[in-house]
Number of protein chains: 4
Amino acid sequence: MAFGTSRFAEQGYHPTSVSEIVTGLGVGKGVFYWYFDSKEQLFLEILRDAQTDLRRRQQQAIAEEDDPIRRIELGLRASLAWAEEHRDHNRLIQFAATEATFVGALRRGQDIAVADVVRHVKEAIAQGRIRDDADPDLLAHAMVGVAGHLTRTFIYERGEAAGGVADSVVAFCLRGILGDP
Amino acid sequence: MAFGTSRFAEQGYHPTSVSEIVTGLGVGKGVFYWYFDSKEQLFLEILRDAQTDLRRRQQQAIAEEDDPIRRIELGLRASLAWAEEHRDHNRLIQFAATEATFVGALRRGQDIAVADVVRHVKEAIAQGRIRDDADPDLLAHAMVGVAGHLTRTFIYERGEAAGGVADSVVAFCLRGILGDP
Amino acid sequence: MAFGTSRFAEQGYHPTSVSEIVTGLGVGKGVFYWYFDSKEQLFLEILRDAQTDLRRRQQQAIAEEDDPIRRIELGLRASLAWAEEHRDHNRLIQFAATEATFVGALRRGQDIAVADVVRHVKEAIAQGRIRDDADPDLLAHAMVGVAGHLTRTFIYERGEAAGGVADSVVAFCLRGILGDP
Amino acid sequence: MAFGTSRFAEQGYHPTSVSEIVTGLGVGKGVFYWYFDSKEQLFLEILRDAQTDLRRRQQQAIAEEDDPIRRIELGLRASLAWAEEHRDHNRLIQFAATEATFVGALRRGQDIAVADVVRHVKEAIAQGRIRDDADPDLLAHAMVGVAGHLTRTFIYERGEAAGGVADSVVAFCLRGILGDP
DNA sequence: AATGAATGAGTATTCATTCAT
DNA sequence: GATGAATGAATACTCATTCAT
């Protein structure tokens, strides 16, 4: 799975052949099909694991925090930290979103992740810290968009450190949900 | 190109065969290769056209506006309007970002688009309307991230109207660049 | 026909497309099929013309000569001279011998050419100048083989002048039919 | 390789498709590409093997013989015997000479074969048995030409036995190199 | 006479998958 | 558990040929 992840991320899912994977691993084709039903299933499994892992990371980060705003911040920071370490998985997630075969599998995981944020936003609204005319769902997605795009641009493309980028992401997002221009 | 765009968007670039395209069009395989050197070139041509068209739309939207903040807003609204009408092209752009063969072609167009926004942000900073410790580049990308993600989620997935989503995008982004939490 | 000949000779019959021929000539595909029924027919026509032309050259060379041995010599020299000027046609003849579609068309012309030489040999045998236990047909083909191979090796590959090579061909062949080791 | 040889020889290299070869063999298309990189490579491999085999046959034939003239004779006889048994390979060699892609591969083998004969001729000249004004290279090629052409005409086309044709080839060639008309 | 867009059968080649060993 | 030879449907692409203009 690790090797497949790196090949898929580097060249794309379709341009990577099962042959290439097993050859690169120095094993026969048989073992591939012993462990996976198909190339598609390998991809799906990688995808599931990645989403599970990211989720765990986010949960751990906010576990001890009661303040919803702080939980949002910690969640964002955890996401960026994870993204920095899982460049390849992140690329695969991005690709999965572009192909009919995989969107379904992707959706569930992303829905769960967003639902978390939505919960925090709602709590903050209840506490009167975010305007109550705001749509929690929209705010959550906006923050996901900021985090994702800045990760790809500044961490992946420009090689900046996740910590610094996270500061900016948090700043922008908190202003976005709390600010009053 | 129109038909290819829709097939590519629906099933993905690789799962769509040249055969399928020409059959769906009711023409022979030869015509395809009369007009395009390869399947790859067709994709590249679609990509280029899409980026050119979006750019034109943005330029037209801000042509008469002097205020940089208003230009940012109009640019965002124009992007969402275009995205609503060019769902398929947008998906192709997303896919292009995931495959080595196409990233190069994509980059240039996106760099130009972001450069525009950066210019407006800098102008607003010069006017003292945005804190001068902000990184214009980062702010620009953050807004691109918000617009892109909310478009995909609310316009494409949930079928909401571009106008309403644009209001939210603008609100979030302006708070993000101007707000003081 | 001239252009086709050169392309066929340079790259081979199959690797040369009709498209390449008409493009190289700056004309449309229509004209090609106005003058020739097919690519195959063009080749056949080139082949026929080449054989006719070679034959004419040989006939002219021996027209005024009565001595059969001298006629053989003059015929050989004429063949080499023609071959020097018609490198491309010669290559096509060689190719034609390797493909089922063309062997038939080739045979006739070659039979005629050999028959000429056979006639001279028989005459020389009748005059008692060549041993009467010799097979005229075999002697004729042997000489054709010498002429053909030395042409390809020394004139085509090594770029030597036809005149000098012809001297050697004649010397070897005359010893071959007359000599007594 | 055996089946490919016969198809190539019968219809020509280009008119023979990989499809036809694997179908005729009752195997899947994949096996072909498991053993050969391409159709071209199959041809090249056949060519190389044929040349190697012919060479070995010639070497064996002359191994125990000291007299250079006798070595020439034995070499010619070995060549004709081989040619009788390898009709198809011989045709392929002939075709290879007409296409740019293959001439290179052909040349080396033929150069080696001729170099052998040249060596014998030179030795015979040194022994004073062949006129010392003769060009060994030319004599060698002349003999190759005789052997090749008579093989094709009398063995392949007319179905005569290699033994009888070899007698004629040897007689003609020895007169050609030794005779004094 | 000539053009060149259009056809579609045909080509070499790839690759996910199977299965006897 | 593991191998890798074998399968064959599928792919991108070519090209001789046609025909409306």
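As the structure is a prediction and not an experimental result, all values here were calculated from the model. Chain naming here is simple, since letters A, B, ... match the order of the sequence lines and numbering starts at 1 in each.
Paired regions of DNA chain E, where each region holds three or more successive Watson-Crick or G-U pairs whose two hydrogen-bonding distances fall under 3.5 Å, are E:2-21 with F:2-21.
One can place CZ of D:F36 at 15 Å from P of E:dT14, the figure rounded to the nearest angstrom. In this structure, CH2 of C:W34 is placed 14 Å from P of F:dC19, rounded to the nearest angstrom. Straight-line distance from the CZ atom of B:F43 to the P atom of F:dC13: 15 Å, rounded to whole Å. Protein atom OH of C:Y13 is 13 Å distant from nucleotide atom P of F:dC15, rounded to whole Å.
Take the nearest nucleotide of DNA chain F for C:S19 and for A:V31: the residue whose nucleotide is more 5' is A:V31.
Contact annotation for D:K39: backbone-only contact, meaning every heavy-atom pair under 4.0 Å involves sugar-phosphate atoms and none involves a base. Using a 4.0 Å heavy-atom distance criterion, D:T23 is classed as making no nucleic acid contact. Across all strands shown, D:Y35 has heavy atoms under 4.0 Å from sugar-phosphate atoms exclusively, and none from any base.
Under the 6.0 Å distance and 45° angle rule, C:K39 counts as a cation-pi partner of C:Y13.
Between the side chain of C:Y156 and the backbone N or O of C:A83 there is at least one donor-acceptor pair closer than 3.5 Å.
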Candidate pair C:F95 and C:F8, rule ring-ring contact (aromatic ring centres under 6.0 Å, His included), full reasoning:
CA-CA 10 Å; C:F95 163 74; C:F8 287 154; 8.5 Å; no
